[in-house]
Structure formats: structure tokens, C-alpha cells
Amino acid sequence: MPYMSIIPIRAAVLRTPGRPLKIERLEMEGPRDDEVLVRVVASGICHTDIDFCQSGGSGPVVLGHEGAGVVERIGKAAKGIKPGDHVVLSYQSCGHCRPCRTGHPADCQRFWEANFGFARLDGTNALHGGVRGHFFGQSSFATHALITMRNLVKVPKSLPLELLAPLGCGMQTGAGTVMNSLAVRAGSSVAVFGAGSVGLAAVMAARIVKAKTIIAVDLNDSRLKLARELGATHSINNRWSDLAGSIKAITGGGVDYIVESTADHDMEQSAAELLNPDGKAALLSGASAPGRLPGGRQVLSVIQGDAVPQKFIPNLIKLYQEGRFPFDRLVKFYDFTQINRAIADSKQGATVKPVLRISNEGNVR
Ligand SMILES: [Zn+2]
Ligand SMILES: [Zn+2]
């Protein structure tokens with residue numbers, strides 16, 4: 001009989017959409033040959049988690065997709081990692097399709113099922129008791145996560161894991177959209193719609209690539225103030241101001257690049273209308289984008305900033321260490337038991353990036 005270990009874990013379970021998450025004791029299978037068991041130290045909360053809390057999965061699920069932790073156990077086929085290593089968890093991809101094989105895992109043909117299928121790609125689920133996991137290949141609102149080498153990024157032990165957690169989705173998406181998807185040029189103009197964690201990561205990245213004009217757009221003045229501190233040269237509160245008129249007053253026309261992170265339909269429409277000729281806009285909501293428009297303009301639908309996590313996240317860590325990507329300014333920490341409060345604070349805009357402290361970095365269970 002094959003040996004199969006069972007790991008007792010605690011996880012925040014969504015049982016009814018719209019209702020609070022409840023921390024429950026569950027059992028999880030130990031790692032398969034290609035899997036790695038990680039003790040989760042911290043997890044960021046991202047808007048996709050919050051959207052699922054409202055809309056629900058199919059039956060009880062464990063969310064969370066910005067985990068960071070310590071490797072506890074590795075499957076026989078997992079290479080280049082050992083127990084005790086520190087890791088940041090990112091999105092999952094299949095590793096076999098053409099985009100995966102050519103270095104574009106964010107375009108994985110099985111992206112949807114690998115990240116939102118609440119199962120391994122073979123359809124199995126490691127959680128027992130009728131609860132489904134494997135959200136983004138991790139389900140990090142839990143004391144332990146089963147991941148693979150494809151969504152694991154080894155990180156230096158010199159930085160606290162609880163700080164690094166949000167790099168796996170929100171920071172990567174915002175910065176990757178500017179640096180990879182749009183490839184923003186030095187001296188250009190960029191507007192960032194939405195000054196949440198993704199938008200603010202885009203603002204910091206626009207400053208790194210030396211955009212000349214960086215315009216942050218949001219409904220919340222305190223977030224706009226933070227955007228200016230992080231590199232925005234201008235800000236527009238579109239609750240009170242006319243967006244097109246304000247942009248024209250700043251640039252004399254449109255903008256060269258737009259990062260649309262609000263998922264608001266009118267803002268997505270505006271993104272197409274406010275571009276300069278040959279300009280590019282990125283929609284981050286998953287909405288289908290028109291692609292090419294008159295005048296050489298392009299509107300793209302972007303996932304995870306087209307980033308390869310194992311390359312991009314170490315780069316963000318280096319920029320942070322150089323003081324050029326101060327994403328720690330966005331983070332507020334909560335105990336794991338305060339998860340529902342952290343979600344409420346994020347929804348109300350009081351916290352930009354909530355991070356849950358789930359266990360200590362030291363070897364405790
Ligand atoms: Zn996310
Ligand atoms: Zn793939």
C-alpha cells in the first residue's frame with residue numbers, strides 16, 4: 001500500500017458566499033512526488049480572494065494566493081529546494097502547454113483550471129472533509145499549503161517572510177504590467193487607474209523605468225497622497241474631477257500608457273479613449289480587450305503582468321533592497337484570526353494590502 005501521510009492543518013474556510021470565513025481544523029494529504037509542503041508564515045489578501053468571498057466557489061473552499069512560508073517537506077521529484085528554505089508562492093501553470101514551454105506561463109492554456117479549479121490539474125483535491133483547496137495552486141489562508149516547483153519562488157532568508165508575501169500576486173501584477181506587458185519607455189506618460197495595491201505597484205514601477213509623467217487616478221484622497229509619495233507626479237480624484245479634462249490639462253492630450261486596475265466598466269472604456277496615438281492600455285480585470293484600435297493604439301488584457309515568478313519576484317526583492325520599490329508602505333499586518341476584519345478594511349479602502357500573520361518564522365507548529 002502506498003504510504004500517504006495526513007497533515008493536520010488549520011484553514012479559513014468559505015462555506016457560504018457573503019458570510020465570514022471561519023478558521024477550522026482540517027486534514028490535508030502530504031506532498032506527492034512533484035509537490036512541496038510549505039508551512040505558511042503569512043499570506044496577503046488580494047481582491048480576487050475578496051471577490052470569491054462574495055461569489056463563492058462550488059461548495060466549501062479555502063482561498064488565499066499570496067502565501068509565503070518555510071519548506072517543511074518535499075516530494076521525491078521536487079528538485080532544487082530543501083526543508084527550511086524560505087519561499088514565496090505565486091500563481092500556478094501547467095508547465096506543458098506551448099506558452100508554458102516558451103516562457104509565458106501567465107498565458108498557460110490551463111490557467112483557469114490551474115488557479116480557479118480548486119483541484120490539482122488531474123482533478124484531485126488534497127483536502128479532506130468535503131473542503132476544496134489548491135486555489136492558485138496554494139490556498140494560503142491556512143497553516144500549510146501544497147505547492148509545486150512551478151509556483152514556488154525561493155527567497156533570501158535575510159528579509160521577513162511576512163513582508164514578502166504580497167509579491168506573489170498583487171505586486172507582481174502591477175509592476176509586471178508596467179515593466180513587461182506595456183514595456184513603458186523612459187520619458188513617457190503613464191496613467192494608473194485605481195491606487196490599490198496593484199495600481200500603487202504600477203506607480204512604483206513607472207518611476208523605476210523613468211516615466212516622466214505618472215498620473216494616479218482614484219476616488220480615495222489618502223490613497224492618492226500615498227501614490228504621490230511613491231512616485232506619481234500628478235493625481236486625479238475622479239469622484240470630483242472630470243477625468244478626460246484633468247488628463248488633458250496635465251499632458252496637453254492623452255497619455256502614452258494606461259494601467260486599468262479598477263475593473264470598473266466605465267474606466268475600462270475610458271482607458272481606450274484617453275490613449276495617445278500608438279499608446280497602449282492594459283486591463284487587469286480579466287475583461288476581454290479590443291486589441292488594436294485606430295491610430296496604432298492597443299488595449300490588452302493582462303494576467304499577472306506577464307511575469308515568470310521565479311525571475312520577476314527576485315528582481316522585485318532586489319529593487320526593494322535598493323529602496324526603489326518600497327512596497328512595505330502598502331502593508332498592514334493582521335493576526336490570522338482577524339481575517340474577516342482584514343477583508344472588511346480592504347473593502348472599505350482603510351488598508352491597501354492586508355497581510356495575515358499565520359505562524360512564526362521560527363520552527364513552530
Ligand atoms: Zn491576486
Ligand atoms: Zn501551461
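Values below: every heavy atom of this structure, side chains too, minus hydrogens, waters and symmetry copies. For ligands, and for the atoms within them, numbers begin at 1 and follow the listed sequence.
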- Is there a donor-acceptor contact under 3.5 Å linking the side chains of Ser140 and Glu66?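 There is no such pair (donor and acceptor under 3.5 Å, judged by atom type) between the side chains of Ser140 and Glu66.
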- Side chains of Asn220 and Ser222: is there a donor and an acceptor less than 3.5 Å apart?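 Checked: Asn220/Ser222 side chains pair up, N/O donor to acceptor below 3.5 Å.
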- Query: Do Phe135 and Phe141 have ring centres separated by under 6.0 Å?
  - Reply: no
- Message: Under 6.0 Å between ring centres: does that hold for Phe118 and Phe52?
- Response: yes
- Does NE2 belonging to His128 count more than 12 external heavy atoms closer than 6.0 Å? yes
- Within 6.0 Å of NZ in Lys157, more than 12 heavy atoms from elsewhere: yes
- Under 2.8 Å from the Zn ion (ligand 1), protein N/O/S atoms total 3
- Message: Donor-acceptor pair, distance only, cut-off 3.5 Å: does the side chain of Asp85 make one with the backbone of Val71?
- Response: no
- Spacing of Ile23 atom CD1 and Arg10 atom CZ [to the nearest 0.5 Å]: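 If I round to the nearest 0.5 Å, the distance is 6.5 Å.
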- Assess whether side chain to side chain contact (heavy atoms under 4.5 Å, CB included) is satisfied between Phe193 and Ser261, documenting all intermediate values. CA-CA 6 Å; Phe193 295 175; Ser261 73; 5.6 Å; no
- Message: Taking 2.8 Å as the limit, list every protein N, O or S atom around the Zn ion (ligand 2), by chain and residue number.
- Response: Cys94 SG, Cys97 SG, Cys100 SG, Cys108 SG
